[in-house]
Asker: 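Encoded as structure tokens, here's the structure I'll be asking about.
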There are 2 protein chains.
Amino acid sequence: MDSSVMRTRRLSKDNTYFALKQKIIDSELKPDQVVHEENLAALLGVSRTPLREAIQRLENEEFLVRQPNGRLRVASVTVEEVKEIFLIRSMLEGYIAKSAAKNATDQDIQNLTAMIENIKQSFRSGKSQDFVSYGFEFHDYLSEMSDLKTFVKILNHLRDHALRYCRFVSLHGDWNTQADEEHNFILQMIADRNEEGAEKAMQDHILSSLSSALERIQGIQANRED
Amino acid sequence: MDSSVMRTRRLSKDNTYFALKQKIIDSELKPDQVVHEENLAALLGVSRTPLREAIQRLENEEFLVRQPNGRLRVASVTVEEVKEIFLIRSMLEGYIAKSAAKNATDQDIQNLTAMIENIKQSFRSGKSQDFVSYGFEFHDYLSEMSDLKTFVKILNHLRDHALRYCRFVSLHGDWNTQADEEHNFILQMIADRNEEGAEKAMQDHILSSLSSALERIQGIQANRED
DNA sequence: ATTAAAATAATTGTATACAATTATACAATT
DNA sequence: AATTGTATAATTGTATACAATTATTTTAAT
């Protein structure tokens with residue numbers, strides 16, 4: 001097994017896409033920053049060909065925008081956009097919760113209960129990263145229960161955009177305890193197979209997180225020029 | 001001005017994307033059909049590089065899907081997907097109509113009235129293509145009034161997918177006259193600045209077009225195997 | 001004849017070279 | 001000194017060559 005022979009083939013096409021998107025989400029590439037293909041290629045360790053394919057996708061998703069002169073720039077973040085994103089999420093995830101309530105098996109309720117317990121634990125132990133991913137787990141599980149594939153695709157896309165803002169709020173204690181209560185309430189509605197209740201509870205949950213996000217963003221946004 | 005010198009530069013990057021998407025929407029490339037890069041490149045008259053960038057975007061939008069072995073195939077069309085698409089559209093366009101009712105100026109009402117008159121005329125004169133594009137105009141105008149940019153982006157994307165099905169229903173007379181009445185009703189609600197009424201009217205309008213679409217698709221879908 | 005292995009062909013993935021465009025710096029003219 | 005024109009550099013757009021993978025055919029052995 002001569003490992004030095006079979007190196008190439010690093011699947012860079014998709015990896016480049018995810019790596020680049022992550023750098024934008026994490027603000028490693030800052031909003032409105034102008035970027036150049038050659039620099040990015042060097043940064044990511046690939047040639048321009050797979051990089052450009054990744055760029056195409058990110059342009060399409062509006063993480064990157066092309067200026068009139070063809071130069072590339074990281075998309076802006078605006079309060080208007082985050083409002084719309086959370087509003088759409090409230091509608092779609094609300095309907096997902098409603099469908100989940102309709103489809104829920106007893107096993108589902110058990111699993112969801114365990115998840116919420118995990119969220120509580122990671123919050124108490126202060127592991128905020130776990131907290132965030134457990135929160136995703138809860139929402140993702142409901143998505144699977146709903147079996148609404150197109151809803152989920154759009155939501156995943158919106159979540160990636162929302163994540164650009166979430167770094168501002170995810171570590172905010174008050175919001176976390178509130179989210180915990182809200183998750184509990186959603187689960188209760190689903191356990192009761194109360195479809196309308198679950199829908200409303202999820203909508204309120206998302207809109208409540210929007211309010212928290214806006215509070216935090218308000219100050220930051222004030223410091224920026226156009 | 002030696003025109004034979006400055007030919008190249010055909011902006012093929014974006015053109016290829018739109019041309020390829022259109023061929024999928026128009027079923028020139030049929031659902032589930034396996035396609036090869038080289039054939040597509042020849043078909044569209046470009047090299048593989050810009051073609052592959054177009055493919056990336058269409059993969060991301062799930063007009064094209066990649067099989068486990070790396071081969072490319074046109075995405076399937078399923079009844080489940082069309083149901084979800086129209087349901088999401090009803091939610092988003094409903095909210096757009098609500099916002100439009102809130103923002104409407106008297107000039108807007110005038111313009112919308114004129115549009116509906118155009119739709120009626122093109123329907124009476126049997127120009128179905130005009131009918132479809134006028135219908136888009138009406139919805140697009142409401143979108144602009146709402147000023148909800150993220151909503152609109154997602155809706156445009158969904159519309160492209162919906163268009164793959166719409167060919168089945170757009171020429172259906174009954175549905176058209178019904179849509180006409182519904183457009184009128186939506187406009188009336190907006191003219192009255194009745195936000196909730198406009199939202200509900202638009203939701204009903206979209207879901208009504210879903211019902212028509214499903215009726216027409218049902219038979220076709222029955223003839224297909226898996 | 002059937003199956004398995006190997007060779008060949010077809011297809012996708014990546015890198016690089018070159019063409020076309022846009023930006024920048026510098027000189028010339030007013 | 002300011003402005004315009006020109007040359008140079010930087011950047012994006014496209015094509016092609018080659019590498020790696022997957023599919024297909026051929027060949028050989030049982």
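Just so we're on the same page: letters track the sequence lines, and every chain starts at 1.
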Asker: Please answer whether the main-chain N or O of R57(A) pairs with a side-chain N or O of N60(A) as donor and acceptor at a distance below 3.5 Å.
Answerer: no
Asker: Does dA6(C) pair with anything, Watson-Crick or G-U wobble, both distances under 3.5 Å, and if so, with which nucleotide?
Answerer: dT25(D)
Asker: Over how many whole Å does the gap from L72(A) atom CG to dT11(D) atom P extend?
Answerer: 13 Å
Asker: Using whole Å, report how far CZ of R48(B) lies from C1' of dT16(C).
Answerer: 14 Å
Asker: Would you indicate which nucleotide in dA15(C), dT12(C), dT12(D) comes nearest to any side-chain atom of E37(A)?
Answerer: dT12(D)
Asker: Can you measure N15(A) atom CG to dT14(C) atom P for me and round it to whole angstrom units?
Answerer: 9 Å
Asker: Looking only at atom types and distance, does a side-chain atom of E84(A) sit under 3.5 Å from a main-chain N or O of F151(B), one as donor and one as acceptor?
Answerer: yes
Asker: Does atom CD of E38(B) have more than 12 heavy-atom neighbours, drawn from other residues, nucleotides or ligands, at distances under 6.0 Å?
Answerer: no
Asker: Heavy atoms from C-beta onward define the side chain here; which of dT12(D), dT16(D), dT12(C) lies closest to that of H36(B)?
Answerer: dT12(C)
Asker: Once you round it to whole Å, what is the distance between P of dG13(D) and OH of Y17(B)?
Answerer: 16 Å
Asker: Return the nearest nucleotide to the side chain of R71(A); candidates are dT22(C), dA15(C), dC18(C).
Answerer: dT22(C)
Asker: Near DNA chain C, counting only heavy atoms under 4.0 Å, which residues of residues 54-68 of chain B show up?
Answerer: R66(B)
Asker: Using purine N1 to pyrimidine N3 plus N6-O4 or O6-N4 for Watson-Crick, or N1-O2 and O6-N3 for G-U wobble, each under 3.5 Å, what pairs with dA28(C)?
Answerer: dT3(D)
Asker: Assign each of T49(A) and N69(A) to its nearest nucleotide of DNA chain D by heavy atoms, then name whichever residue's nucleotide is nearer the 5' end.
Answerer: N69(A)
Asker: Between R52(A) and dG13(D), is there a contact of a side-chain N or O with OP1 or OP2 at under 4.0 Å?
Answerer: yes
Asker: Within the side chain of N118(A), is there an N or O that forms a donor-acceptor pair under 3.5 Å with the backbone of M115(A)?
Answerer: no
Asker: If we ignore hydrogens and angles and just use 3.5 Å, is the side chain of N69(A) paired with the main-chain N or O of R71(A) as donor and acceptor?
Answerer: yes
Asker: Hey, does the side chain of H183(A) reach the backbone of H139(A) with a donor-acceptor pair shorter than 3.5 angstrom?
Answerer: no
Asker: For V34(A), answer base if it contacts any base atom (sugar-phosphate contacts may also be present), sugar-phosphate if it contacts only those atoms, and nothing otherwise; contact means non-hydrogen atoms under 4.0 Å.
Answerer: nothing
Asker: Expressed as a whole number of angstroms, how long is the span from L51(A):CG to dT14(C):P?
Answerer: 12 Å
Asker: Hey, is NZ on K102(B) packed in by over 12 heavy atoms from elsewhere, all under 6.0 Å?
Answerer: no
Asker: Rounding to a whole Å, what distance do you find between E38(A):CD and dA17(C):P?
Answerer: 12 Å
